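Data first, discussion second: the structure below is written as structure tokens.
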Amino acid sequence: MAAVQKIVGVKGMNDLLPEQSGLWEWVESQVAEVFRQYGYRAIRTPILEPTALFVRGIGEVTDIVEKEMYTFTDALNGEQLTLRPENTAAVVRSVIEHNLLYDGPKRLWYVGPMFRHERPQRGRYRQFHQFGIEALGMPGPDVDAEQLLMIDRLWKSLGLTGDHAPRLEINSLGALDERQAHRRALIEHFQSHASVLDADAQRRLHSNPLRILDSKNPAMRAVIDSAPLLQDFLGDASRAHLAGVRDTLDRHGVGYSVNPRLVRGLDYYNLTVFEWITDRLGAQGTVCGGGRYDSLIEQMGGSPAPACGFAIGVERLVALLEEVAPPALAAGLDVYLVHWGSGSMAAAVAFSEQCRDAGLRVQMHCGEASLKSQMKKADQSGACCAVLMGEDERAQNVVTVKPLRAEGGLVQQDRVPISDAPAVIRGLLKLV
Ligand code: HAM
């Protein structure tokens, strides 16, 4: 028979394998707990949305919409659909569709996969995951600052303290008329240096000159560095908003720097924008990004309402933890059940169920194997103890409890009556 060709996964889309999933689950539970502490409630929206949602929401002249969206026509009904590249536009769609703001502001959070057709590299994937927050209906700056305090608390709860924690950069993108005045000045500036602009910059000059500031082209460094700064165009209200955010950060000892070049890659932002960046992950060091988007809801067809949010890249956060502060996670299993001799299976199944009734996590050995090989499996399983049921034990209605690792709190091997065993094991493992 001809060799069957293996099918491999899509480039840039990763499997989360069991040796990593424990860390992901732990991070998810920490994040969910901190979000709940601030009154955020979960929302889940579909992974597929109409393409127009992202084009209108994120902005036509952005990297995401121009070249990174997985878009296709649904062959069954001709609809144009896109795998969500981010979730702010989708949450706003849902909030408008279900009229969620009818009784006042909402604090929402989500976690899930996002899709961007980028060039894969460490920390940059085509399917990646985000934890996200959207606070809708609150004009701030108190809510902007509260979100930054929440993120700071999250780093601490994950053990990312001191120079292990990402650093915060903030900026203000001001109000629409301020951005328009700045935009006119930018176009004038870049036009007067037209000869050094690359093709991308030429194309963006009139559609989205702000994005030119994001260019990594070294030949344009000087002309970018000398470009007019938005902060010089900010009016009193915008300055006061930024000052309000800074005041709260200062009072709570959250360090930050103001980066007047921080613009973000999505068009919906105004006033406060921020990024949390680590130097530990190479080029893809932005772990979290967000800001205020006060016109998006109206722009998507809802009644005008201010909003503010952010998203954390889960892959980058997990990579940072693995790099600087891997937590000591408790073993997933309490007991590995080793059994042998004729008719041992039925007794082993019954005993495992009895242990699970008592709240223990039990993996029962399945299939024929020698005691030695079962003990090896027990050791590899990560369980705190092995419980042995041989013919001898069964004849005497006992089990042998054998500690496998010191952290379990068990010290020496012991024989325990079967009926008491679950409670005794819980006691030995300090689960009671
Ligand atoms: P974003 O800056 O595009 O913002 O993405 C947020 C975070 O997602 C990034 O800081 C990064 O950690 C992670 N991320 C983005 N692209 C990739 C990728 N290709 N591979 C791995 N990680 C990635 C947003 O998505 C906005 N929706 C955030 C927001 C919510 N603003 C307001 N509300």
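These numbers were taken from a predicted model, which means no experiment stands behind them. Counting from 1, the numbers follow the sequence of the chain as shown. When a ligand or atom number is given, it counts from 1 through the structure's own listing order.
Side-chain polar atoms of Ser238 and Ser172 form no donor-acceptor pair below 3.5 angstrom. Residues Tyr256 and Arg246 bring a donor and an acceptor atom of their side chains to less than 3.5 Å of each other. Looking at Tyr268 and Ser295, their side chains never bring a donor and an acceptor atom within 3.5 Å of each other.
For Arg204 and Asp267, the salt-bridge test fails: no basic side-chain N is under 4.0 Å from an acidic carboxylate O. By the 4.0 Å N-to-carboxylate-O rule, Lys376 lies too far from Asp379 to be salt-bridged with it.
The protein heavy atom nearest to atom 21 (C) of ligand 1 is Gly123 O, 3.2 Å. Glu118 OE2, 2.6 Å is the protein heavy atom nearest to atom 19 (N) of ligand 1. What sits closest to atom 4 (O) of ligand 1 on the protein, heavy atoms only, is Arg264 NH2, 3.0 Å. Ranking protein heavy atoms by distance to atom 33 (N) of ligand 1, first place goes to Glu134 OE1, 2.8 Å. The protein heavy atom nearest to atom 6 (C) of ligand 1 is Gln130 NE2, 3.3 Å. The protein non-hydrogen atom at the shortest distance from atom 30 (C) of ligand 1 is Thr88 OG1, 3.0 Å. For atom 13 (C) of ligand 1, the closest non-hydrogen atom on the protein side is Gly313 CA, 3.6 Å. If you check which protein heavy atom lies closest to atom 31 (N) of ligand 1, you get Tyr269 OH, 2.6 Å.
Looking at Ile64 next to ligand 1, no N or O pair under 3.5 Å apart turns up. Among the atoms of Leu266, none of the N or O lies under 3.5 angstrom from an N or O of ligand 1. Residue contacts with ligand 1: Thr286 is placed with a nitrogen or oxygen under 3.5 Å of a nitrogen or oxygen of the ligand (distance criterion only).
Which of Arg316, Glu86, His117 comes nearest to atom 27 (N) of ligand 1 through a heavy atom is settled by distance: it is Glu86. In this comparison of Tyr125, Tyr268, Phe128, the heavy atom closest to atom 15 (C) of ligand 1 sits on Phe128.
Checked against the 6.0 Å centroid criterion, the rings of Trp155 and His164 do not qualify as a close aromatic pair.
Residue contacts with ligand 1 include Cys288, since one of its heavy atoms falls under 4.0 Å from the ligand. Put simply, part of Arg116 is less than 4.0 Å from ligand 1, judged by heavy atoms.
Scanning both residues, Ile43 and Ser94, for their nearest heavy atoms gives CD1-OG, 3.8 Å.
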Legend entry - Gln284/Arg122 under side-chain contact (heavy atoms from CB on, under 4.5 Å): CA gap, chis, key distance, verdict: CA-CA 7 Å; Gln284 306 304 321; Arg122 182 180 180 214; over 6 Å; no
Inset, instruction - Please test Tyr40 against Gln147 for side chain to side chain donor-acceptor pair (under 3.5 Å), starting from the C-alpha separation and ending with a verdict. - result: CA-CA 11 Å; Tyr40 282 82; Gln147 290 186 357; 3.3 Å; yes
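With a 6.0 Å radius and a threshold of 12 heavy atoms from other residues, nucleotides or ligands, Arg280 has its CZ atom above the threshold.
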